[in-house]
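Since the structure comes first, as structure tokens, the remarks are kept for the end.
All figures in this text were calculated on a predicted structure; none of them were measured in a lab.
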Amino acid sequence: MADDPLTLDALRALEHRGWESLTRHEGGRFYGALMTADAVMILVNGTVLDRETIAATLDDSPAWSAFTLEDARLVPAGEDSAALVYRATAARDGEEPFVALMSSHYTLVDGRPALTLYQQTTVTH
């Protein structure tokens, strides 16, 4: 169906909006609203953050000044869920670029994608 919220294009656009929120110090609000109650983010340093921690702290994280998302692939995971896997390159002023492979798993909640699991795997460390 054309308005399927779990297509490659739809999830890529959602991920792009998430990264944009991280350039404006709005990541906590964005991901706090997007994540399911029991969702987690696993960062490259091994830290596991729950939705409550993300919502409370991500707005105060240093903002990214630029980012690109490349090589996105959709991984179907059942009737009402899918994962998006992609390579992200992000930069903060005065720092070396951050390059990592990302995977974001979404499930439909009330017909809309909700983030259940996000994991980063660095390619620069």
ask   = Does the Asp71 side chain pair with the main chain of Arg87, one donor and one acceptor, at a distance under 3.5 Å?
value = no
ask   = Hey, is the main chain of Leu84 close enough, under 3.5 Å, to the side chain of Ser104 for a donor-acceptor pair?
value = no
inquiry  = Side chains of Thr47 and Asn45: any donor to acceptor distance under 3.5 Å?
reply    = yes
ask   = For the residue pair Thr122 and Val44, what are the closest heavy atoms and their distance?
value = N-CG1, 3.6 Å
Thr107 (side chain) donor-acceptor with Asp80 (main chain) under 3.5 angstrom = yes
key: Taking every non-hydrogen atom, the tightest pair across Pro113 and Leu108   = N-CD2, 3.8 Å
query = Within a strict 4.5 Å, meaning less than it, do heavy atoms of the Arg51 and Thr36 side chains meet?
reply = no
query = Taking the side chain from Thr89 and the backbone from Thr68, do they hold a donor-acceptor pair closer than 3.5 Å?
reply = no
task = Determine whether more than 12 heavy atoms belonging to other residues, nucleotides or ligands lie under 6.0 Å from atom CD of Glu79.
result = no
Arg112 atom CZ: more than 12 heavy-atom contacts under 6.0 Å = no
inquiry  = For Tyr106 and Glu15, which I'm curious about, is there any donor-acceptor pair between the side chains at under 3.5 Å?
reply    = yes
All side chain to side chain donor-acceptor pair (under 3.5 Å) counterparts of Glu52, not counting sequence neighbours = none
ask   = Can any side-chain N or O of Arg12 pair as donor or acceptor with the backbone N or O of Ala72 at less than 3.5 Å?
value = no
query = Which atoms form the tightest heavy-atom contact between Ala10 and Pro5, and what is the distance?
reply = CB-O, 3.5 Å
key: Set of side chain to side chain donor-acceptor pair (under 3.5 Å) partners for Asp60, sequence neighbours left out   = none
message = Could you report the tightest heavy-atom contact between Ala77 and His105, atom names first, then the distance?
response = CB-NE2, 3.9 Å
message = How close do Thr53 and Thr57 get, counting heavy atoms only, and between which atoms?
response = O-OG1, 2.7 Å
query = Are Phe30 and Phe67 connected in the hydrophobic side-chain network, where two residues link if heavy atoms are under 4.5 Å apart?
reply = yes
key: Nearest atoms (heavy-atom pairs only) where Asp50 meets Met35   = C-CE, 4.5 Å
